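All remarks here apply to the structure that follows.
None of these values were measured; they are calculated from a predicted model. Order of the sequence lines fixes the chain letters, A, B, ..., with proteins taken first and strands second; residue numbering starts at 1 for each chain.
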There are 2 protein chains.
Amino acid sequence: MMKNYNIKILFGSNVREFRHNKGISQEKLAELSGLHRTYISDVERGSRSISLDNIKKIANALEIEVFKLFIFNEEDHYD
Amino acid sequence: MMKNYNIKILFGSNVREFRHNKGISQEKLAELSGLHRTYISDVERGSRSISLDNIKKIANALEIEVFKLFIFNEEDHYD
DNA sequence: CTGTGACTTTTAGTCCGTG
DNA sequence: ACACGGACTAAAAGTCACA
């Protein structure tokens with residue numbers, strides 16, 4: 001079972017991937033989610049332990065279900 | 001698409017369900033996760049916007065993957 | 001367009017209790 | 001064994017200037 005990985009890195013990597021899929025900038029995602037541009041940057045790089053309410057704002061802005069931001073991609077290692 | 005639900009209620013309900021499945025008390029979950037007993041109580045009732053690092057601690061304590069705590073149960077309504 | 005350090009305000013999270 | 005409150009401390013939220 002996956003237990004020792006950095007969840008902030010996993011989450012941030014997934015946000016970045018879905019954002020790229022949507023073809024938008026961090027600034028656009030910030031605008032859509034109502035969060036600050038630099039905050040999005042921090043989250044994507046895994047340097048913020050973001051909480052539930054903001055996790056949901058980002059998922060809504062990306063138009064995806066929240067759980068998808070926690071799916072582990074076997075090709076990557078999150079540490 | 002599910003967009004207007006309370007993620008704190010969804011998360012808390014799922015924590016409670018998995019905890020019951022495991023047959024342990026809030027106090028035991030608090031001990032296993034390294035969080036405070038009153039905080040677990042608050043989280044399960046959806047009154048706290050818990051952050052990533054602690055979300056992971058709870059998933060680890062429940063011995064489940066993090067994403068499972070965000071799965072929406074169609075039978076319930078989280079508001 | 002994004003990364004980062006520094007910063008203030010707000011909330012997450014703890015610890016004491018009660019019924 | 002759990003809900004809930006008050007008071008507190010640690011950490012997240014939120015913003016900015018600059019690279």
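For the pair B:Asp53 and B:Arg19, both in contact range of DNA chain D, the more 5′-proximal nearest nucleotide belongs to B:Arg19.
Among the candidates B:Arg48, B:Arg16, B:Arg37, the single residue satisfying the salt bridge (Lys or Arg N to Asp or Glu O under 4.0 Å) test with B:Asp42 is B:Arg48.
In this structure, B:Gln26 places its CD atom 16 Å from C1' of C:dC15, rounding to the nearest Å. Summarising the geometry, the separation between NE2 on A:His36 and C1' on C:dT9 is reported as 15 Å, rounded to the nearest angstrom. As a whole-Å value, the separation of A:Glu27 CD from C:dT2 C1' is 8 Å. Computed from coordinates, the B:Ile55 CD1 to C:dA12 C1' distance equals 12 Å when rounded to whole Å. For A:Tyr39 and C:dT11, the OH to C1' distance is 11 Å, given to the nearest whole Å.
Taking every nucleotide of DNA chain D with any atom under 4.0 Å from a non-hydrogen atom of chain A, the first and last of them, 5' to 3', are D:dA12 to D:dC18.
Between B:Ser41 and B:Arg45, the side chains place a donor N or O and an acceptor N or O closer than 3.5 Å (distance only, hydrogens not considered). Side-chain atoms of B:Ser49 and A:Ser51 form a donor-acceptor pair, as typed in the model, at a separation below 3.5 Å. A side-chain donor-acceptor contact under 3.5 Å links B:Asn54 and B:Lys57.
A close approach under 4.0 Å does not occur between any side-chain nitrogen or oxygen of A:Arg16 and OP1 or OP2 of C:dC1.
Inter-residue side-chain proximity for B:Phe11 and B:Asn14 is flagged as unmet; no heavy-atom pair is nearer than 4.5 Å. A 4.5 Å side-chain heavy-atom check between B:Ile58 and B:Leu32 finds every atom pair outside the cut-off. In this structure the side chain of B:Leu10 never reaches within 4.5 angstrom of the side chain of B:Leu69, judged on heavy atoms. When side chains are defined from C-beta on, A:Ile55 counts as touching A:Phe70, because their heavy atoms get closer than 4.5 Å.
Of the candidate nucleotides C:dC15, C:dG3, C:dT2, C:dC15 has the atom nearest to the side chain of B:Thr38.
A heavy atom closer than 4.0 Å to some atom of DNA chain D occurs in A:Arg48, A:Ser49, these being the qualifying members of residues 41-49 of chain A.
A:Ile40 comes within 4.0 angstrom of no nucleic acid atom, judged by non-hydrogen atoms across all strands.
Under the 4.0 Å criterion applied to side-chain N and carboxylate O atoms, A:Glu65 and A:Lys68 are not assigned as salt-bridge partners.
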